[in-house]
S.K.: 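Got a structure for you, written out below as structure tokens; questions coming shortly.
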Amino acid sequence: SEIPKAYEPQSVEDKWYEFWQEQKCFEADPESPKPAYSIVIPPPNVTGMLHMGHVLNNTIQDILARKARMDGKEVLWLPGTDHAGIATQAKVERELKKNEKLSRHDLGRDKFLERVWAWKEEHGGIIIKQLQKLGCSCDWSRERFTMDEEYTRCVQRVFVDLYKKGLIYRGKRMVNWCPVSLTALSDEEVIPKPQNSFLYYFKVEVAEEPGTFLSIATTRPETIPGDTAIAVNPTDERYKHLIGKHAIRPLPSENQAKIPIVADEHIDKEFGTGVLKVTPAHDKADFEIGERHDLEVIDVLNPDGTVNDFGGEALKGMDRLKARKRAAELLDEMGVLEKEEQYQNNVGFSERAGVPIEPRLSEQWFLKYPSVEASHRCVTEGRMKFYPDRWIKTYDHWMTGIQDWCISRQLWWGHQIPVWYHKESGEIHCDIEPPADEENWERDPDVLDTWASSWLWPFATMGWPEETSTLKRFYPTTDLVTGPDIIFFWVARMIMAGYEYMGDLPFQNVYFTGIIRDKKGRKMSKSLGNSPDPLDLIAKYGADALRFGTMRSAPLGLDVLFDEKDVELGRNFCNKLWNACRFRQMQGGESEGEIDPKLLTSDDKWILIRLGKAIDEIDADFAQYRFTGVTQTLYRFFWTEYCDWYVESCKSALYGNDEKLKANKLAVIDFILSNAIRLFHPFLPFISEELWQGMGFNGDLPEGQGGQTIMFANWPKAFDEEFAAHYGLDESDEQVVEAKHELVRQGRNLRREFNVPSNQKIPFIFKPNAEFPEAEAAVLQILLNAESLEVNPNFASGKGYAHIGSPLGELYLPLEGLIEDFAAERSRLEKELQKIEAEIAKVEKKLANKNFTERAPKEILDEHVQRKADWETKLARARAAIEALGD
RNA sequence: GCGCGGUUAGCUCAGUGGUAGAGCAUCACCUUGACACGGUGGAGGUCACAGGUUCAAAUCCUGUACCGCGCACCA
């Protein structure tokens, strides 16, 4: 045979991907009469590399897209990349520093942006190529980038619109400041982490009462120079009398100002000493206290986190962490440091730079979210579906307490804010176009948060604001597949933008994937080195294997513990599929076409029924996005039911002389394979196409299904009554074959128990309960690997036979020459006897329960009665077997 | 403090009221005319714990423990 024994994905995958692209199989036609199905890709960072999270996410999308095509939908899977402001800028800055020892300021804004664009040109295509390797069937002719010219205009248009609606405003407020990236961040970009730090207790003297001291606990002594008040709870009896008086601030030592002691409800009497130092410039809560009491704001830090002049001579220029230690030392030297204790608190870290953020007062642009009500309700009221639905609660919670969004970033890479300030009057010009006398104006240097562009993704990629045919046809999109970690960053904001600008929700269903972890449950990260490179895995096992293995271990809504073993399983499965088809090819003969219902054996009927049930299960699981369920069904149906049972049962006919029967078997096999391969296609696009073409299924099939590529082949139909009637299928066929399987299993078990090697052919005798066709006997013989199978309805067992029973009849194994140790055999059978007796006792107990027999449904009752009868039959046989053993 | 998950075979996980399942790992036998990336058979679970509902609970209810996550607080 020229077909290789093992499937070699490397020689197959690229070939078909090119074929699909040449045939324009991925391109969506808005003019098509088919019903529409659409997904927009969560755009990966333009300079990113494919990781396991992408594999999971995009495999799911590809499965949905391919399934929809086979369901006869016109599919648009719209791809693209995100400019990823901070991440990309930081990457280029790092390279610049490493290679040329330059900062972005050395280059200047324009030159630096040129460098970023060059970087984007060089690296931007990598992740796209990687997605193609994975088999993603995106419409690449529509690929978008969040900083394309048209996209940029959309972003600006939205900014201007929201500004004019009064929803975007500029203000000096407390923001999260990243002292490394030197930009403001949104609340969502701040990750709280528990930190081991110190709680410093120091005392301040009350100005009006020399000798009276207040003890204060703080984790940040370096901000003492920025303290402009001391606050206590108004109901705190310990300090009530001091309210309205003043305290002497110890730092900076050259400026020990008198600061007021104020009363504020915010202070927790139980915490520390119940006295709070108020630093309005460096803490959000303190800032609010400051507003309530009209306090001065003294910022003691530079943007990069070092102490400025206000911090005093002793601390000036130091980094905030160094200054913290030094400030404590200064307090100690002054004799006012009472104690320091170990303390664990949560500190907000910059998601990107990984350093503690600094709450900082600064002038920023803010957005009051639009269309909040509609966006909130469409999810809680179920118009938009979440899978799994528990994320509704998280969404609901966030939408309820929603805060204005700080959208300006002090970066260069991004959408520069379309606002100009008049150099003389300070007047504001907010428009897509710069003002006519541009030289008299200065443009706002800030850019927008990346998410303030990607929240427009579902419609800005489809040509909005023009009413394009694409937009009309494919918006709202059908499904969104993403991680729950960006439910606020992206999903919620897209919903709001969708309602505000399209008047409708942007997608109908949201599927939230789990997070991919390593097999020890740790998050995958570069620093841990536990993140396998998907491209390596594809090279080693094939993309189909990676897809199948990943999907098989990715349950809906739970994290995925990734193990390379899963990919190995995927590869093994592809190989099984390959060899099953190879076996068919080796039988020769073109597809024999029509199945003749009259020639169907019980096994044929059984596998047809099992196929129908598998399709039913798969359809039901797809409807609920239960992909693991689908993979399990596919695995079970194909490997266990088709390969292990059906194909084996066929061998007697295929190696026999009845040409008609043989041809009919091949017709059944072809039918099953053509259906199975189609069922596999969404998961295993490459091998399924290879086999579809290789087996000749792309021509006209008897059931009238086919096509140039499997991509547009009809999705298999679950069997209906008409089908069952045509082939004469009914439940009893299934039961008979399952009884046969049970008989075979027990027969094989007998072999094993008498230590008959697997390859040794031995004779069996079968005593059927009813008429037993010769063809059935041949199947039984081959499944048992028997030398011969004597069918004898009148067989009278004497001594020297082991036997087992089944509803079909009894199977005897002559023991002559097989048994070495009769005593051991007897004791084995006696043990078996005890087991059976225990089972009978169990069933009897149940049947003796009056409540049970009166109240259980009839079917359940019958089942138990039947079970008892079965066990009793077994008992009788086991006893007879012991008899038969003789002495 | 509030909320959401999870706890089933050595491991990873299916299983939403009716005889506990799969894959991997393991043990035994087998390179038998698709496949050793394979075949056959076996061993291995008081379904975290305690109550409750029910004729019947891994499954429904209440509570507890442990693990993970999110939000709030965080001087």
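Computed from heavy atoms alone, side chains included, the values below leave out hydrogens, waters and symmetry copies. Letters A, B, ... are given to chains in the order of the sequence lines, protein chains preceding strands, and every chain is numbered from 1.
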S.K.: Identify the residue among A:H282, A:R249, A:K277 that makes a side-chain hydrogen bond (donor to acceptor under 3.5 Å, both in side chains) with A:D227.
M.R.: A:K277
S.K.: Hey, is the side chain of A:K5 pairing donor to acceptor with the base of B:C35 inside 3.5 Å?
M.R.: no
S.K.: Nearest whole Å is fine: how far is B:C4 C1' from A:F488 CZ?
M.R.: 12 Å
S.K.: Send over the distance from A:F548 CZ to B:C24 P, rounded to a whole Å.
M.R.: 12 Å
S.K.: At under 4.0 Å, does any side-chain N or O of A:Y655 touch on OP1 or OP2 of B:A34?
M.R.: yes
S.K.: Nearest whole angstrom, please: distance from the P of B:A22 to the CZ of A:R552.
M.R.: 12 Å
S.K.: Suppose you measure atom C1' in B:G39 against the same atom in B:U46; what distance do you get, rounded to whole Å?
M.R.: 35 Å
S.K.: If you look at every strand shown and take non-hydrogen atoms under 4.0 Å, does A:L569 touch a base, only sugar-phosphate, or nothing?
M.R.: sugar-phosphate
S.K.: Is there a side-chain polar atom (N or O) of A:N759 under 4.0 Å from OP1 or OP2 of B:U31?
M.R.: yes
S.K.: Establish, with yes or no, whether the OP1 or OP2 oxygen of B:C37 is under 4.0 angstrom from a side-chain nitrogen or oxygen of A:N579.
M.R.: no
S.K.: Using the C1' atom in both, what is the distance from B:U59 to B:G17, to the nearest Å?
M.R.: 7 Å
S.K.: Taking all heavy atoms of A:G226 and all of A:P280, pick out the closest pair and write down the distance.
M.R.: O-CD, 3.9 Å
S.K.: Just verifying a value: how many Å separate A:R220 CZ and A:R320 CZ, rounded to the nearest 0.5 Å?
M.R.: 6.5 Å
S.K.: Where along residues 780-788 of chain A does a heavy atom fall under 4.0 Å from RNA chain B?
M.R.: none
S.K.: Scan A:I267 against the nucleic acid and name what it touches under 4.0 Å (heavy atoms): base, sugar-phosphate only, or nothing.
M.R.: base
S.K.: Indicate whether OP1 or OP2 belonging to B:C24 is found under 4.0 Å from a side-chain N or O atom of A:K565.
M.R.: no
S.K.: For a salt bridge (Lys or Arg N to Asp or Glu O under 4.0 Å) check, start with the C-alpha distance between A:E617 and A:R636, then their side-chain angles and the critical distance, and finish with the verdict.
M.R.: CA-CA 12 Å; A:E617 283 174 38; A:R636 187 209 67 224; 3.3 Å; yes
S.K.: Please state the P separation for the pair B:A72 and B:U64 - nearest whole angstrom.
M.R.: 25 Å
S.K.: Below the 4.0 Å mark, does B:C74 have OP1 or OP2 next to a side-chain nitrogen or oxygen of A:H266?
M.R.: yes
S.K.: Can you tell me, in whole Å, how much space there is between the C1' of B:G44 and that of B:C4?
M.R.: 34 Å
S.K.: Test side-chain contact (heavy atoms from CB on, under 4.5 Å) on A:T273 and A:Y239; report intermediate values, then the result.
M.R.: CA-CA 10 Å; A:T273 58; A:Y239 309 118; 4.1 Å; yes
S.K.: Regarding A:P484, tell me which of base, sugar-phosphate or nothing describes its non-hydrogen contacts under 4.0 Å with the strands shown.
M.R.: nothing
S.K.: Are A:R582 and A:N579 close enough that a side-chain donor and a side-chain acceptor fall under 3.5 Å?
M.R.: yes
S.K.: Touch check for A:R636, heavy atoms < 4.0 angstrom, all strands: base, sugar-phosphate only, or nothing?
M.R.: nothing
S.K.: For A:N749, which contact category applies under a 4.0 Å heavy-atom criterion: base, sugar-phosphate, or nothing?
M.R.: sugar-phosphate
S.K.: Would you say a side-chain N or O of A:K651 is under 4.0 Å from OP1 or OP2 of B:A34?
M.R.: yes
S.K.: Any side-chain heavy-atom pair from A:R547 and A:F683 closer than 4.5 angstrom?
M.R.: no
S.K.: Verify whether one side chain among A:Q624 and A:Y387 offers a donor that lies under 3.5 Å from an acceptor in the other.
M.R.: no
S.K.: Closest approach of A:P356 and A:V347, non-hydrogen atoms and distance?
M.R.: CB-CG1, 3.7 Å
S.K.: Can you find a side chain N or O atom of A:K576 that sits less than 4.0 Å from OP1 or OP2 on B:C35?
M.R.: no
S.K.: Taking all non-hydrogen atoms of both residues into account, name the closest pair between A:L569 and A:Y635 and its distance.
M.R.: CD1-OH, 4.0 Å
S.K.: Does a nitrogen or oxygen in the side chain of A:W639 sit under 4.0 Å from OP1 or OP2 of B:G39?
M.R.: yes
S.K.: Assign A:R745 to base, sugar-phosphate, or nothing according to its heavy-atom contacts below 4.0 angstrom with the strands shown.
M.R.: sugar-phosphate
S.K.: Indicate, with a heavy-atom threshold strictly under 4.0 Å, whether A:T394 touches base, sugar-phosphate, or nothing.
M.R.: nothing
S.K.: Which part of the nucleic acid does A:C574 contact within heavy-atom distance under 4.0 Å: base, sugar-phosphate only, or nothing?
M.R.: nothing
S.K.: How many whole angstroms separate atom CG of A:L750 from atom C1' of B:A28?
M.R.: 17 Å
S.K.: Over how many whole Å does the gap from A:M586 atom CE to B:U32 atom C1' extend?
M.R.: 14 Å
S.K.: Other residues, nucleotides and ligands only: do more than 12 of their heavy atoms fall within 6.0 Å of CD on A:Q342?
M.R.: no
S.K.: Quick check on B:G15: is either OP1 or OP2 less than 4.0 Å from any side-chain nitrogen or oxygen of A:R626?
M.R.: yes
S.K.: Which nucleotide sits closest to the side chain of A:H397: B:C71, B:G18, B:C35?
M.R.: B:C71
S.K.: So, does the side chain of A:E753 form a donor-acceptor pair with the base of B:A28 at under 3.5 Å?
M.R.: no
S.K.: Rounded off to whole Å, could you give me the CZ-to-C1' distance for the A:R752 and B:U40 pair?
M.R.: 9 Å
S.K.: Is any side-chain N or O of A:N849 closer than 4.0 Å to OP1 or OP2 of B:A56?
M.R.: no
S.K.: On a whole-Å scale, what distance lies between the P atoms belonging to B:C11 and B:G45?
M.R.: 13 Å
S.K.: Do A:S758 and B:G39 have a side chain to base donor-acceptor pair shorter than 3.5 Å?
M.R.: yes
S.K.: Which part of the nucleic acid, if any, lies within reach of A:Y200 when heavy atoms closer than 4.0 Å are counted: base, sugar-phosphate only, or nothing?
M.R.: nothing
S.K.: How many whole angstroms separate atom CG of A:D283 from atom P of B:C74?
M.R.: 8 Å
S.K.: Report the residues that fulfil side chain to side chain contact (heavy atoms under 4.5 Å, CB included) with A:F852, sequence neighbours left out, ordered by chain and then residue number.
M.R.: A:K846, A:L847, A:N849, A:A856, A:I860, A:L861, A:H864
S.K.: Map A:S553 and A:R571 onto RNA chain B by nearest heavy atom, then report which one ends up closer to the 5' terminus.
M.R.: A:S553
S.K.: Classify the nucleic acid contact of A:D566 as base, sugar-phosphate or nothing, counting any heavy atom under 4.0 Å across all strands shown.
M.R.: nothing
S.K.: Report which part of the nucleic acid A:E648 touches: base, sugar-phosphate, or nothing (heavy-atom distance under 4.0 Å, all strands).
M.R.: base
S.K.: Given Watson-Crick or G-U pairs with both distances under 3.5 Å, what dot-bracket string fits RNA chain B, with | for other-strand pairs and [ ] for crossing?
M.R.: ((((((((.[[[[.)..(..]]]].(((((.......))))).....[[[[[..)....]]]]])))))))....
S.K.: Centre-to-centre under 6.0 Å for A:F627 and A:Y511, is that the case here?
M.R.: yes
S.K.: Quick one: A:N755 CG to B:C30 P, roughly how many Å, whole number?
M.R.: 11 Å
S.K.: Output yes when at least one side-chain N/O atom of A:R748 is less than 4.0 Å from OP1 or OP2 of B:G41, else no.
M.R.: yes
S.K.: What integer number of Å spans the P atoms of B:U53 and B:C61?
M.R.: 15 Å
S.K.: Take A:K393 and A:P757, find for each the nucleotide of RNA chain B with the closest heavy atom, and name the residue whose nucleotide sits nearer the 5' end.
M.R.: A:K393
S.K.: Determine the interatomic distance between P on B:A48 and the same-named atom on B:U16; round to the nearest Å.
M.R.: 15 Å
S.K.: Which heavy-atom pair separates A:R751 from A:F764 by the least distance, and what is that distance?
M.R.: CG-CZ, 4.0 Å
